[in-house]
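Worksheet for the structure shown next.
So you know, we letter chains A, B, ... as the sequences are listed, proteins then strands, and number each from 1.
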Number of protein chains: 2
Amino acid sequence: MINNNPQDPLAELITTYNELNSSVIEALHEEPSPLEFMRFVARNTPFVIRGGASNWKATQTWSPAYLSEHLGDEPVNVAVTPLGYVLSNADSPTLYEDGTLVFAKPWEESQPFTEFLNYIIQQEKDPSSLQGEVHYAQTQNDNLRDEYASLFNHVQPDISFARIALQQKSPDAINLWIGNSQSTTALHKDNYENIYVQILGKKHFVLLPPHCRPCVNEKLLRPASYKRVVNDDDDPSPLLLSETTGHVLSKLKLELDKIEEASESGHGENSGLVPFATWDPEDDGPSGDYATPYSKLAQPVKVTLEPGDMLYLPAMWYHKVSQSCNPEEGICVAVNYWYDMEFAGPLYPFSAFVRSVYESQQHK
Amino acid sequence: MINNNPQDPLAELITTYNELNSSVIEALHEEPSPLEFMRFVARNTPFVIRGGASNWKATQTWSPAYLSEHLGDEPVNVAVTPLGYVLSNADSPTLYEDGTLVFAKPWEESQPFTEFLNYIIQQEKDPSSLQGEVHYAQTQNDNLRDEYASLFNHVQPDISFARIALQQKSPDAINLWIGNSQSTTALHKDNYENIYVQILGKKHFVLLPPHCRPCVNEKLLRPASYKRVVNDDDDPSPLLLSETTGHVLSKLKLELDKIEEASESGHGENSGLVPFATWDPEDDGPSGDYATPYSKLAQPVKVTLEPGDMLYLPAMWYHKVSQSCNPEEGICVAVNYWYDMEFAGPLYPFSAFVRSVYESQQHK
């Protein structure tokens, strides 16, 4: 419920910020100096560097053929989710069979790289030709210095302006993302300063500043995980069906995670429940159900990264990410660098404060 | 009244900030680079540079004799307030004769510089020898590039690390402060990034971050001004008397400013009333009356500037300032540089939000 005060402090906060900040992202055409970067960090404001990584070896040489040849049949971790059933794929709010919203985690499996790559390319060229699954290499566990280490010297080992400004020897994680236009990431935020580099295809970001917490309708969701069903006949539980044709779309089944009984009655961090945004800032349709009275006040920053572009995504900003492929390539590839954020100063306590004001208002 | 929620968001904000930030100020021993400075700006965190201005001409040459010789009988603007009657002098909350707290502004008059200087030195050496008035040159109107322009080339024209980091051609104001140990400045905040440089004597700062708004008990006060009473016999209104002896302490009289009738019933910015902190973070005694339930949560940062020290006082931080003199000099002299603050980003909307949450809570 919206605050009944003539001046609602949360509404005032969002509108004051909007008046003082542009929702059009600033575009640079070369890397900032560490000092110039630090000014953006101080303002907790995103920017894009058009062509900032256009001379990287990755940007200049990677293609499906090159990657296939380079990685061959090396096993890679692939996140698997059903196609066309949810707005987002892995790690996203999803309707469970009992009609409640749960936090759905992907099925993860190891696939030979070439098999993974061929699947996503073929799906991109002809979605109907394949089993209804989205495959996305997106482990976010520093995979470019681990699983894909043989590709690591094709990118910069760090982003020098960020390393110097933030005084960090090395990024906390460097992640490689390989998927196609079916791969999207639901609105969420991370406690990291984030530099995103597009290598192949385009990434479409929708960004909201940290104080937009009252707009995103964060809920505590039961965690659930997709499981690959091995033998249909032995498993009587319903499979995912196409809403239009009723055909079996996937052999994936969503199962609730076991939550320890002791904590089941708990709340918040100890309950095993996952706090997650449920509002989709791009959806005026059915998921508008998840809008709060504050959602309409949000002024998202939208930016599309082309190959070679770099994005500074400031700490604690909400981001929803979707992508589109060059038809000749059929894949989207990106790399991101996570640097530890500063917990001293106003940003972190401020964001926690907005959250607790909003929550205390909900409980009235 | 304090919020009755089990988790009071305002109390949580103050304690979370305290857990993540030290109340001991960081001390540097040389000027930071613009990038190092920008890291402090980003954290909105003060620091002191011990001896940062020790090689300035002002620090090396100024003394009462030097200033007296240099400025002679040039007229200077002096703020005049009664001695020993209020905790702070100019621009401070003061009890009016009707028992209400008002915002007292000083009587301002022009005095020949040498006369002004001799007064404050003699008072410092023997307070009882003089009429009960505090004299303070503190106009805060860029007086070092105007009234005291002949001294301007004794200090740096700007603070280079701040000019470069904040991308400003020149400070918005450079102010000279000359007083003695009777001159104090009540707790308040400014919308400026502030660099303070101590030249003679010591300055004692008590600092509170911007989100401590709920601790300082800001009230809307009627503005009042001290007037010098020319002829006692013609003016029947009460003079300021010593609380102990009953003697006339000063020929100054506090008069309420005229507020236009149309706005008298108004509130806030248009009412003519002055919003001002009434809590004194150093006073455990009677002025403890002005503590709020949040005041005890505040962890003030305390720092004393010696001659040649520089303080970075971040934008919107509350500061109370008192001073003490070297007995051989009998005066305190400082210079401060105001740079425009950044209104984009989280700091300004955040501070306004804390204020409106606190106020909306008061109205319940």
Side-chain angles (χ1 to χ4, degrees), chain A residues 3-22 26 33-45 161 164-167 193 209-211 268 314-316 341-361 363-364, chain B residues 3-22 26 33-45 161 164-167 193 209-211 268 314-316 341-361 363-364:
Chain A
N3 192 318
N4 285 323
N5 292 316
Q7 303 266 312
D8 176 346
L10 287 167
E12 215 175 275
L13 167 64
I14 298 167
T15 53
T16 301
Y17 181 93
N18 289 346
E19 282 162 15
L20 294 167
N21 293 270
S22 171
E26 194 166 331
S33 72
L35 172 59
E36 287 168 324
F37 176 62
M38 203 61 210
R39 290 192 195 111
F40 284 98
V41 174
R43 278 194 289 143
N44 190 242
T45 297
F161 61 80
I164 296 166
L166 304 174
Q167 291 182 289
E193 303 287 2
H211 68 269
M316 305 191 79
M341 68 170 279
E342 177 62 84
F343 286 89
L347 182 67
Y348 181 81
F350 170 36
S351 303
F353 178 56
V354 172
R355 177 192 177 126
S356 56
V357 169
Y358 178 70
E359 287 181 355
S360 90
Q361 194 167 302
H363 293 136
K364 267 174 204 150
Chain B
N3 191 318
N4 284 325
N5 291 317
Q7 302 265 311
D8 177 346
L10 287 166
E12 216 175 273
L13 167 65
I14 299 167
T15 52
T16 301
Y17 181 92
N18 290 347
E19 283 163 16
L20 294 167
N21 294 269
S22 172
E26 194 166 332
S33 71
L35 172 59
E36 287 168 325
F37 175 62
M38 202 62 210
R39 291 192 195 112
F40 284 97
V41 174
R43 278 193 290 143
N44 190 242
T45 297
F161 62 79
I164 296 167
L166 304 174
Q167 291 183 289
E193 303 287 2
H211 67 269
M316 306 192 79
M341 68 172 277
E342 177 61 83
F343 286 89
L347 184 67
Y348 181 82
F350 171 35
S351 305
F353 178 57
V354 172
R355 176 192 177 126
S356 57
V357 169
Y358 178 70
E359 287 181 355
S360 91
Q361 194 168 302
H363 292 137
K364 270 175 201 150

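- For the options A:I164, A:V357, A:L347, heavy-atom pairs under 4.5 Å to chain B are most numerous at A:V357.
- Contact count versus chain B (heavy atoms, under 4.5 Å) is highest, among A:A165, A:S351, A:S33, A:P314, for A:A165.
- Your options are B:R39, B:Q167, B:E36, B:E342, and the one with the most heavy-atom pairs under 4.5 Å with chain A is B:R39.
- Only the side chain of A:Y348 comes within less than 4.5 Å of a heavy atom of chain B; its backbone N, CA, C and O stay farther away.
- Heavy atoms of B:I14 lying under 4.5 Å from chain A are absent altogether.
- Of the listed residues B:L10, B:T45, B:T16, B:V41, the one with more heavy-atom pairs under 4.5 angstrom with chain A than any other is B:L10.
- Of all the heavy atoms in B:P9 and A:S360, the pair that sits closest is CG-OG, 3.9 Å.
- Residues B:F350 and A:L13 fail the side-chain proximity criterion, which asks for heavy atoms closer than 4.5 Å.
- For chain B, the option among A:F343, A:F37, A:F353, A:F40 with the highest count of heavy-atom pairs below 4.5 Å is A:F353.
- The minimum heavy-atom distance linking B:G345 with A:N21 is given by the pair N-OD1, 2.9 Å.
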